Amino acid sequence: MVTGPYQAAQARLDLEEPQEGQVRAVPVLVPLALEEAYDYQPPEGEAPPPGTFVRVPLGSARRIGVVWGAARTADVAPKKLKSIIEVLDVPALPAVSRRLVDWVANYTLSPRGMVLKMMMSAPRAFEPEGPRFGYRAAGPPPDRMTPAREKVLNVAADGAVRAKAELAREAGVSAAVIEGLAAAGSLIRVEMPPPRPALPDPEHAPPELAPEQAEAAGKLIDAVRRGGFSVCLLDGVTGAGKTEVYFEAVAAALARGQQVLILLPEIALTSQFLDRFAKRFGCRPMEWHSAMGAAERGRIWRAVAKGEARAVAGARSALFLPFADLGLTVVDEEHEQSFKQEDYVRYQARDVAVVRGKLGKHPVILSSATPSIESVVNARQGRYEHVRLTSRYAGAALPDIRAIDLRADPPERGRWLSPALVSAVRDTLAADKQALLFLNRRGYAPLTLCRACGYRIECPQCSATLVEHRARGKLTCHHCGFVLPRPGDCPACGVSGKLVPCGPGVERVAEEVAERFPDVPAAILSSDFTTNLSEVRETIARISSGKARIVIGTQLVAKGHHFPGLALVGVVDGDLSLAQGGDPRAAERTFQLMQQVIGRAGREESGGVGLIQTHAPDHPVMRALISGDRDTFLAREIAAREAAVLPPFGRLAAIIVSAGAKPEAERYAQALAKAAPPAARIEVMGPAEAPLVLIRGRYRYRLLVKAPRNVDLQAFLRAWMDRAPLAKGSVRVIIDVDPYSFL
DNA sequence: AGCACGCCGACT
DNA sequence: GTCGGCGTGCTC
């Protein structure tokens, strides 16, 4: 029996056939937080088939939606039915995409309209394409010639039509020069044909693969040629050449005329990766990530829908592009936790990529040097094919990893680098190599303390201390973005000159490096919400070219960049990410992060060294890292997860209750827990205060649901939410299926 | 996401 | 008495 909206949503997945005498209507899903498609009367003539993009009236507004089925879904009073305004001239949303919306909405317990919204996140794609204009040489040279104008005219001398931005870039001048020349009559503005996306050529530059690589590539190519759904875990040590290997599978799919999607963590979408692709296939893939402009998004969305975009490299949201004929998805760095989206629709892109492969009947490749426990278990249980690469190419050896016991060999007071690490850096520089110091903490210091009154400077909106960013002269909150100019006097007691920064961030380590190695060029590589993508790309280029000799970096450095001259990696605080209490993936994440970051060393030739500063050199994670014994670590971790029925052996869902006032949040969370339906094999834990109780002015309580793998967790959650008390006032409830963050 | 409806404080 | 604050619910 259908008892509430959550279950009703599930029940209506089975569409009814139209009945005699009923008004003709089709369901249209609009990209809003709506669970259901609404029925509309079709325009004149035939009813548009499912997938058609249509404009419909909704309330007083007009919205673009998608025809979601062949027959009306619910018994709405006929006089309530409105008519479709128009059918849009946009390729229909493919059936696979529509089924993906339904699947993701059902799995994450998100309104279907919200998931559709992700699929339509390119508003320009639905507007008619305006004509594009370009410039070509024409007429006499201008009366006043300048060096900049000369450069432009030289470039334009070939008579080709170029877009304004392109011409300016090629000539190395600003767009204003072009406008000036056009006004002077030396350039003429002409309409350009819409650009054809470049076609990647699978035969452009096939690589020479080592025997092990060739064998691995063979398996992946087989899966592509065979067609149909399969998942392959491509598991190879850093520097084993996984990218070259999966590029061969990409080539096979392109050769079959199919589209290819390569998912990367957002920050790994560097020009380094795009250039590598271009070297192999003759042109760059299309990019898809959050930093793209509206026009660009629209163009790419359309190109993907028409099947003209053959290869797309994108961040997790690229999964929701309307591929016309996707033949292969690659998830690179599949272990990356950033594939989990933590807001709006909370989905794990790696898992959705696999589901999309299943729905679209095509292979999926998961690639990593440090695969997730989930994927390793799937491979062991035979659900995924496991393809391993064990040797680094060109004889490069894996780095030699050692621990520096901070208890025995501590840094001086107020310093963060131990004598052993400092001397290792010195040796590395003497050998004309690069050194990387890794600390997963942005800014200068994570805490500012008043020595007069003991006050810790905290965020007014979050239960967190403000982090000093000295270069910008600011204290900021890493949870909400709150910014405070660095005060001279204590905000609590007003005493001046007694504020002291406590603990290190990358900026502070960089300061220590500058003191110890005053003449050595250094670079900080840190992901900051204020630094933009191009800035980060520039820094990465400066490092890979060898201009920076010492690199101080956060997480960002671990993400698949290739730094040829790097011989030493020093981990400043090896204990930092282990200390995440309550997070079942803390050990796994630490192991992956350390392996990835240390794997940056010695990729070109042997002799890479990794040094981890730690207070717990005997911790199992540290021992596994030092001995390089991944299999023992995995066996331990997998056994522990299995015993505790944690993912992937069990399923988790977090319920986060938040409100503007603490008692309100707590009261509702407790009422919610009481309303949980009885279920023998499902455990509901909490509510408990979230580790970060307050974020953005909202107090948060968490509940955790744990169930065995074969239990329908979504059905349980739906039944629960349908009988839950109404959330009143400022109370909000968020359901996070398969949570990755436990804060 | 908009937008209308509805129930409590400072105004003509 | 009314204007208007934004909390709540509906949009086929």
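First the proteins, then the strands, lettered A, B, ... as listed; each starts at 1. If you're wondering where the values come from, they're calculated on a predicted model, not measured in any experiment.
The separation between A:Leu58 atom CG and B:dA1 atom C1' is 9 Å, rounded to whole Å. If you measure from atom CZ of A:Arg55 to atom P of C:dC12, you get 16 Å, rounded to the nearest angstrom. Rounded to an integer number of Å, the gap from CD1 of A:Ile84 to C1' of C:dC12 is 11 Å. Atoms CG (A:Leu726) and P (C:dT8) sit 9 Å apart, rounded to a whole Å. Between the CZ atom of A:Arg63 and the P atom of C:dT11 there is a distance of 16 Å, given to the nearest Å. Distance A:Glu35 CD to C:dG9 P: 17 Å, rounded to the nearest Å. The CG atom of A:Leu116 sits 20 Å away from the P atom of C:dT11 (whole-angstrom rounding). Rounded to whole Å, the distance from CD on A:Gln41 to P on C:dC12 is 12 Å.
Checking the phosphate oxygens (OP1, OP2) of C:dG7, no side-chain nitrogen or oxygen of A:Lys728 falls inside 4.0 Å. Distances shown here put a side-chain N or O of A:Tyr40 below 4.0 Å from the OP1 or OP2 atom of C:dC12. Listed pair A:Lys82 / C:dC12 meets the phosphate criterion, a side-chain N or O lying under 4.0 Å from OP1 or OP2.
Here A:Pro31 lies out of heavy-atom contact (under 4.0 Å) with every strand. Using a 4.0 Å heavy-atom criterion, one finds that A:Gly729 contacts the sugar-phosphate atoms exclusively.
Ring centroids of A:Phe323 and A:Trp288 are separated by 6.0 Å or more, keeping the two rings apart.
The closest side-chain heavy-atom distance from A:Tyr701 to A:Lys662 is below 4.5 Å.
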(request) Begin with the C-alpha distance, continue with both residues' side-chain angles, and end with the deciding distance and a verdict on side-chain contact (heavy atoms from CB on, under 4.5 Å) for A:Lys82 and A:Tyr38. (result) CA-CA 10 Å; A:Lys82 292 181 181 174; A:Tyr38 286 167; over 6 Å; no
(request) Apply side-chain contact (heavy atoms from CB on, under 4.5 Å) to A:Leu326 and A:Arg356, showing your working. (result) CA-CA 10 Å; A:Leu326 188 59; A:Arg356 202 189 201 296; 3.7 Å; yes
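Among the nucleotides B:dC3, B:dA1, C:dC12, the one closest to any side-chain atom of A:Leu81 is C:dC12. Considering only the side chain of A:Ser60, B:dC3 comes nearest among B:dC3, B:dA1, C:dT11.
For the side chain to side chain contact (heavy atoms under 4.5 Å, CB included) test with A:Arg112, the passing option among A:Val104, A:Asp102, A:Asn106, A:Leu32 is A:Asp102; the others fail.
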